[in-house]
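Have a look at the structure below before the remarks.
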Amino acid sequence: MKFSKFAILIAISISSVRTQAQDIPFTLDDLISKALTYNLDIQSQELETKTTEAKIDEIKARALPQVNLSGDYKYYIKIPGQVIPLSAFGGPEGEYSTAGFGLPWNLSSNLQVTQVLYNHSLNIGLKAARLGRDATSLQIRRTKEDITYNVSATYYNAQTLAQQISFFNDNLNSLQSTIKIAQLRYDNQMGQKIDVDRLQLSYSTTETQLEAIKNDYTQLLNMLKFLAGIPQEEQIKIQDKINTEVTTVATVNDPKINRSELLLLDIQKEQNILEQKNIKAEFVPTLSAYGLGNYTIFSDPGKNGYTKGIPAGWAGVQLNWNIFDGNARKAKLSQTKIQQEQLSLQQQLINESIQMDIINARNKLYIQLRNLQAGKDQIAIAERVYQQAQLQFKEGTTDISTLIQTEDALRETQTNYLAALVGLRTAELDWDKATGNLLNK
């Protein structure tokens, strides 16, 4: 019984800790850090790194001694014959006979050791495999950049909806107060029933819109969990308040470019050069040393039961040189040179695309900054107008249409302000993506 109570206390303590952890809102940095650690796309690509390392080990293994063991068993139903001249055994010249040499049972085993002494293509292949490792690392970096961008954009959109939910709740509270005033005016025969109905209709419409926004907000939180590798059944919170400060300096005329696409193209061009060298290396002979040990058993299970084992062994050096291949290597070399030209054109195209991205991101940032300031001013004006309209409606100096119009105008300015906020954050993301600094923050 004591143990049971102790277990219950531990379970309650763990549950309390989990509840407290769930109440702490995730910052954007928290979710990015989780995504870069637990995202399944990144984990899958990191496994590719292990594959590349295994390929490097495979190429290195070709330079080590190769040991092969083979065995062969033959049973001759009829021993193969050979034609022999009778003169070799004292017979007449020009006459021949056939004779079978050997025994019906043959069992042989071979142990061969081979060591490459010189293979120029092997060295080039090792360099190419190491470049492949660098290319895999860049591919992982590109995936991390995409994940960082998607998490950040989703987080900002979720913050925007959280702010919009807050605005809608404030608007509903104001509408509820106004409905009470309109109902009181109607009860005192100072207003019309239609005013109450119109306000209640506006309240109901706002509630419906709020539910739709809450649903969108939940979907964005689920997307954040998916991107960050958090189980869907877990509940998360984010910081509702959006930072309105500009954190990106987009006034630099020549920003430092660190795009992974360009770095990857540089590696691809190096790989292409190594491929050309590898094709040329096929013109160079290869040299290998080898040693072979052989043991063959001959047996005749006949009446006499004869069996004899004969050992043998030898060592040598083997030269392989493909002198002419029908110009196949020349054709392959031409293909790789064309591919090198294509890579250069792609590099030029990406450079121009990067410059376009930087210009667009800078312009977008400036525009969103102006929109954000304009949105702040418009909200301040709309709130004053709405408060004044509420006061006038309460005093009976304005009609319900004017009040609803000012309420709609306030909601529109709030939406525009939030759009400018998320636009500013997205513009900063676009700037960091254009310059290749998404992971350097």
Side-chain angles (χ1 to χ4, degrees), residues 21 24 26-64 122-158 220-236 238 256-275 278 339 343 346-347 350 353-354 357 426 428-441:
I24 300 174
F26 281 99
T27 65
L28 176 58
D29 290 339
D30 291 337
L31 287 175
I32 289 176
S33 177
K34 274 187 166 292
L36 296 182
T37 304
Y38 299 110
N39 184 270
L40 296 179
D41 282 339
I42 294 175
Q43 290 183 15
S44 175
Q45 293 224 339
E46 285 176 344
L47 288 177
E48 188 65 26
T49 302
K50 296 181 180 180
T51 303
T52 306
E53 292 295 339
K55 288 180 180 178
I56 293 174
D57 293 339
E58 178 187 355
I59 294 174
K60 287 180 179 179
R62 296 176 192 169
L64 298 176
L122 191 63
N123 297 328
I124 296 173
L126 185 58
K127 292 179 181 178
R130 286 170 176 162
L131 277 178
R133 176 174 56 193
D134 296 338
T136 301
S137 298
L138 279 175
Q139 291 286 4
I140 293 174
R141 175 186 156 181
R142 288 191 66 181
T143 302
K144 288 183 176 181
E145 288 173 341
D146 291 340
I147 294 297
T148 300
Y149 185 94
N150 292 336
V151 169
S152 300
T154 305
Y155 192 90
Y156 294 142
N157 279 303
L220 288 178
L221 291 183
N222 291 338
M223 177 58 71
L224 283 174
K225 288 188 285 186
F226 172 75
L227 293 172
I230 300 173
Q232 289 293 315
E233 60 270 15
E234 289 190 17
Q235 300 297 319
I236 66 170
I238 65 171
K256 183 179 180 181
I257 306 300
N258 191 29
R259 290 281 286 265
S260 54
E261 299 99 309
L262 287 177
L263 298 175
L264 188 58
L265 268 177
D266 288 337
I267 289 179
Q268 289 175 344
K269 291 179 77 173
E270 290 184 49
Q271 288 175 324
N272 182 272
I273 292 172
L274 286 177
E275 188 177 357
N278 194 34
Q339 291 170 359
L343 289 172
Q346 289 180 25
Q347 196 172 41
I350 289 178
S353 175
I354 288 173
D357 291 342
T426 305
E428 290 180 334
L429 280 177
D430 290 341
W431 172 265
D432 290 333
K433 182 178 180 179
T435 55
N437 292 301
L438 275 169
L439 301 179
N440 300 330
K441 305 195 75 175

> How close do Ala434 and Ile354 get, heavy atom to heavy atom, and via which atoms?
Replying inline: O-CG2, 3.7 Å

>> Return the CZ to CG distance between Arg141 and Leu438, rounded to the nearest 0.5 Å.
In response: 9.5 Å

> In this structure, which one of Leu262, Thr143, Ile267 forms a side chain to side chain contact (heavy atoms under 4.5 Å, CB included) with Leu138?
Replying inline: Ile267

> When you look at CZ of Phe226, are more than 12 heavy atoms from neighbouring residues, nucleotides or ligands closer to it than 6.0 Å?
Replying inline: no

> Between Ala35 and Leu227, what is the shortest heavy-atom contact and its length?
Replying inline: CB-O, 3.4 Å

> Side chain of Ser44, backbone of Leu40: donor and acceptor closer than 3.5 Å?
Replying inline: no

> Going from CG on Asp266 to CG on Asp134, what distance comes out if it is rounded to the nearest 0.5 angstrom?
Replying inline: 11.5 Å

> What pair of heavy atoms forms the shortest contact from Ile230 to Leu31, and how long is it?
Replying inline: CD1-CD2, 4.0 Å

>> Please report the interatomic distance CD(Glu46) to OG1(Thr37), rounded to the nearest 0.5 Å.
In response: 8.5 Å

>> Using 0.5 Å steps for rounding, measure from the CZ atom of Arg259 to the CG atom of Asp357.
In response: 5.5 Å

> Ignoring hydrogens and geometry, is there a side-chain-to-backbone donor-acceptor pair from Asn278 to Leu274 under 3.5 Å?
Replying inline: no

> Out of curiosity, Glu53 CD to Ile56 CD1, how far, rounded to the nearest 0.5 Å?
Replying inline: 4.5 Å

> Looking only at heavy atoms, which two atoms of Ala158 and Ile238 are closest? And how far apart?
Replying inline: CB-CD1, 3.5 Å

> Sub-3.5 Å donor-acceptor pair from the side chain of Lys225 to the main-chain atoms of Glu234, do we have one?
Replying inline: yes

> Are any non-hydrogen side-chain atoms of Leu263 and Asn258 less than 4.5 angstrom apart?
Replying inline: yes

> What distance do Gln339 atom CD and Gln268 atom CD have between them, rounded to the nearest 0.5 Å?
Replying inline: 10.5 Å

>> Determine whether Arg130 and Leu126 satisfy the following criterion, side-chain contact (heavy atoms from CB on, under 4.5 Å), listing intermediate values before the conclusion.
In response: CA-CA 6 Å; Arg130 286 170 176 162; Leu126 185 58; 3.7 Å; yes

>> Does Lys433 form a salt bridge (charged side-chain N to carboxylate O under 4.0 Å, His left out) with Glu145? I'd like the steps, not just the answer.
In response: CA-CA 8 Å; Lys433 182 178 180 179; Glu145 288 173 341; over 6 Å; no

>> Ignoring hydrogens, what is the shortest heavy-atom contact between Tyr156 and Leu28? Give both atom names and the distance.
In response: OH-CD2, 3.4 Å

>> Would you say NZ of Lys55 has more than 12 non-hydrogen atoms from neighbouring residues, nucleotides or ligands within 6.0 angstrom?
In response: no

> Which heavy atom in Tyr155 sits nearest to a heavy atom in Phe26, and how many Å separate them?
Replying inline: OH-O, 2.7 Å

> Under 3.5 Å, is there a donor-acceptor pair between the side chain of Ser33 and the main chain of Asp29?
Replying inline: no

